[in-house]
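Note sheet for the following structure.
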Amino acid sequence: MRTVALVTQKGGSGKSTLAACLAVAAQEAGERVFLIDMDPQKSLTKWANRRNDKTMPVEAVPAAKLADALTALAKGGVMLVIVDTPATDTPAAEAAMRACDLCLIPARPTIFDIWSSEVTRGKLRTLAKDFAFILNQCPAMQESQRVLDGAAALESMGGLLRPLIASRVAYQEAAREGMGPTELEPEGKAADEMRVLWGSLKRRLAQPKVRAPRRLPAAA
Ligand SMILES: Nc1ncnc2c1ncn2[C@@H]1O[C@H](COP(=O)(O)OP(=O)(O)OP(=O)(O)O)[C@@H](O)[C@H]1O
Ligand SMILES: [Mg+2]
């Protein structure tokens with residue numbers, strides 16, 4: 001079983017959206033997927049209520065119970081767990097960062113998001129956890145210099161999962177219906193992006209990298 005957490009200190013960067021869309025794309029590709037919703041906003045839980053699909057379970061798990069929940073899911077034959085989290089300075093996000101194989105850090109192509117991503121990366125490096133960035137909500141029509149700069153910044157900070165994800169109404173419409181874009185518009189561009197993103201994530205999970213913990217200054 002592989003475990004992936006969507007984490008970032010920045011609100012609204014697309015953690016819940018990507019968790020849901022990736023879960024659907026992975027399931028369509030043959031994975032047995034389980035979603036864990038650790039965010040008190042309960043975006044994924046509400047998405048699941050609209051979906052009403054027993055093959056895509058979503059469960060709220062408190063920080064203290066996450067490790068046990070993952071052990072039980074592994075025994076139960078789940079292949080992929082995707083964990084959605086609130087901001088990184090919460091016990092829930094910290095538990096997810098510690099417990100999961102790989103942390104995905106979504107960021108929009110804005111300097112405030114890139115700066116926040118650096119903070120999240122710092123936390124993950126301190127924990128010696130593996131991570132990759134996703135550039136989300138990019139302008140759909142062009143690869144502007146701002147987007148290219150954002151991609152380069154995240155690449156240099158430790159690796160960007162491709163493709164760049166555009167800002168598309170299909171992501172918002174799919175969420176409203178309790179779906180992923182691969183279900184709502186299977187031939188659409190958002191669906192293509194999510195299939196390619198799942199392929200990148202799957203390859204990334206097959207080559208786990210253990211990052212060296214960041215050296216902390218010696219105590220005075
Ligand atoms: N690629 C995208 N294209 C268009 N809209 C998007 C995309 N990704 C996310 N959104 C929209 O941006 C908003 C924030 O996304 P989302 O709720 O997934 O972020 P989040 O990181 O989970 O936020 P929070 O920190 O509040 O939990 C939502 O309205 C969502 O529909
Ligand atoms: Mg969310």
Side-chain angles (χ1 to χ4, degrees), residues 4-25 35-51 58-61 63 81-97 100 103-110 112-121 123-124 131-144 146-147 150-151 154 160-185 188-198 200-201:
V4 177
L6 277 293
V7 296
T8 177
Q9 129 150 346
K10 193 79 182 160
S13 58
K15 296 181 292 296
S16 305
T17 301
L18 292 170
C21 297
L22 273 171
V24 171
L35 282 159
I36 293 184
D37 186 359
M38 298 189 80
D39 188 348
Q41 289 184 97
K42 296 277 170 284
S43 304
L44 274 191
T45 304
K46 290 172 190 166
W47 174 83
N49 289 344
R50 293 216 161 174
R51 184 175 183 84
V58 179
E59 199 171 298
V61 176
V81 178
I82 300 180
V83 182
D84 189 24
T85 68
T88 42
D89 52 357
T90 55
E94 170 120 13
M97 287 191 277
C100 289
C103 292
L104 296 178
I105 309 171
R108 289 160 294 201
T110 71
F112 290 155
D113 273 42
I114 304 292
W115 287 336
S116 276
S117 301
E118 279 179 14
V119 177
T120 308
R121 176 188 71 154
K123 178 110 192 162
L124 288 162
F131 59 84
F133 297 96
I134 298 175
L135 199 58
N136 186 31
Q137 302 186 51
C138 300
M141 300 307 287
Q142 63 200 6
E143 289 210 346
S144 67
R146 181 166 61 87
V147 172
L154 296 177
L160 177 66
L161 222 52
R162 299 285 173 166
L164 306 185
I165 308 303
S167 183
R168 301 186 190 280
V169 172
Y171 290 106
Q172 299 171 5
E173 282 299 311
R176 202 157 67 97
E177 303 294 334
M179 300 170 102
T182 46
E183 298 167 314
L184 186 74
E185 287 176 15
K189 290 182 176 164
D192 279 350
E193 284 173 350
M194 285 302 110
R195 288 189 204 103
V196 176
L197 185 65
W198 163 242
S200 300
L201 175 55

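Remember, it's 1-based here, ligands and their atoms both numbered in the order they're listed.
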Practice task
Just jot down the ligand 1 atoms closer than 4.0 angstrom to any heavy atom of Gln41, in number order.
Solution key: 24 (P), 26 (O), 27 (O)
Exercise for the section: Report yes if Leu18 has an N/O atom closer than 3.5 Å to an N/O atom of ligand 1; otherwise report no. Expected result: no
Handout entry: Contact flag Thr17/the Mg ion (ligand 2), N/O/S atoms, threshold under 2.8 Å
Key = no
Exercise for the section: Please confirm whether Ala175 comes under 4.0 Å of ligand 1, counting heavy atoms of the residue only. Expected result: no
Handout entry: Region of Asp39 engaging ligand 1 - heavy atom pairs below 4.0 Å
Key = side chain
Problem - Under 3.5 Å: N/O of Lys10 near N/O of ligand 1 - result: no
Practice task
Can you confirm whether something in the protein, heavy atoms only, sits under 4.0 Å from atom 29 (O) of ligand 1?
Solution key: no
Exercise for the section: Of the side chain and backbone of Asp84, name the one, both, or neither that has a heavy atom under 4.0 Å from an atom of ligand 1. Expected result: neither
Practice task
Just let me know how Ala166 lines up against ligand 1, side chain, backbone, both or neither, with a heavy-atom cut-off below 4.0 Å.
Solution key: backbone
Handout entry: Test of proximity, Ile165 against ligand 1: N or O pairs below 3.5 Å
Key = no
Handout entry: Element-labelled atoms of ligand 1 that are located less than 4.0 Å from some non-hydrogen atom of Tyr171
Key = 1 (N), 2 (C), 3 (N)
Problem - Per-residue contact class, Arg168 against ligand 1 - non-hydrogen pairs under 4.0 Å - result: backbone
Problem - Check: Thr17 N/O within less than 3.5 Å of ligand 1 N/O - result: yes
Problem - Side-chain donor-acceptor contact under 3.5 Å, Asp113 with Ser13 - result: no
Problem - Non-hydrogen atom of Ser43 closer than 4.0 Å to ligand 1 - result: no
Fill in the blank from the handout: Checking heavy-atom distances from atom 10 (N) of ligand 1 to each of Glu193, Glu173, Gln137, the winner is Gln137
Fill in the blank from the handout: Ranked by distance from atom 19 (O) of ligand 1, the top protein heavy atom is Gly14 N, 3.1 Å
Practice task
Please report which non-hydrogen protein atom sits nearest to atom 25 (O) of ligand 1, along with the residue it belongs to and the distance in Å to one decimal place.
Solution key: Lys15 NZ, 2.8 Å
Practice task
Search all heavy atoms of Thr85 against all heavy atoms of Leu6 and return the closest pair with its distance.
Solution key: OG1-O, 2.7 Å
Practice task
Under 4.0 Å from a heavy atom of Gly11: give me the atoms of ligand 1 that qualify, with their elements.
Solution key: 25 (O)
Completion exercise
Of Met194, Arg176, Gln172, the one whose closest heavy atom lies nearest atom 11 (C) of ligand 1 is Gln172
Problem - Ion pair Arg176/Glu173, N-O distance below 4.0 Å - result: yes
Exercise for the section: Return the residue, atom name and 0.1 Å-rounded distance of the protein heavy atom closest to atom 14 (C) of ligand 1. Expected result: Gly12 O, 3.5 Å
Exercise for the section: May I ask which of Ile134, Asn136, Thr8 has a heavy atom nearer to atom 8 (N) of ligand 1 than the others do? Expected result: Asn136
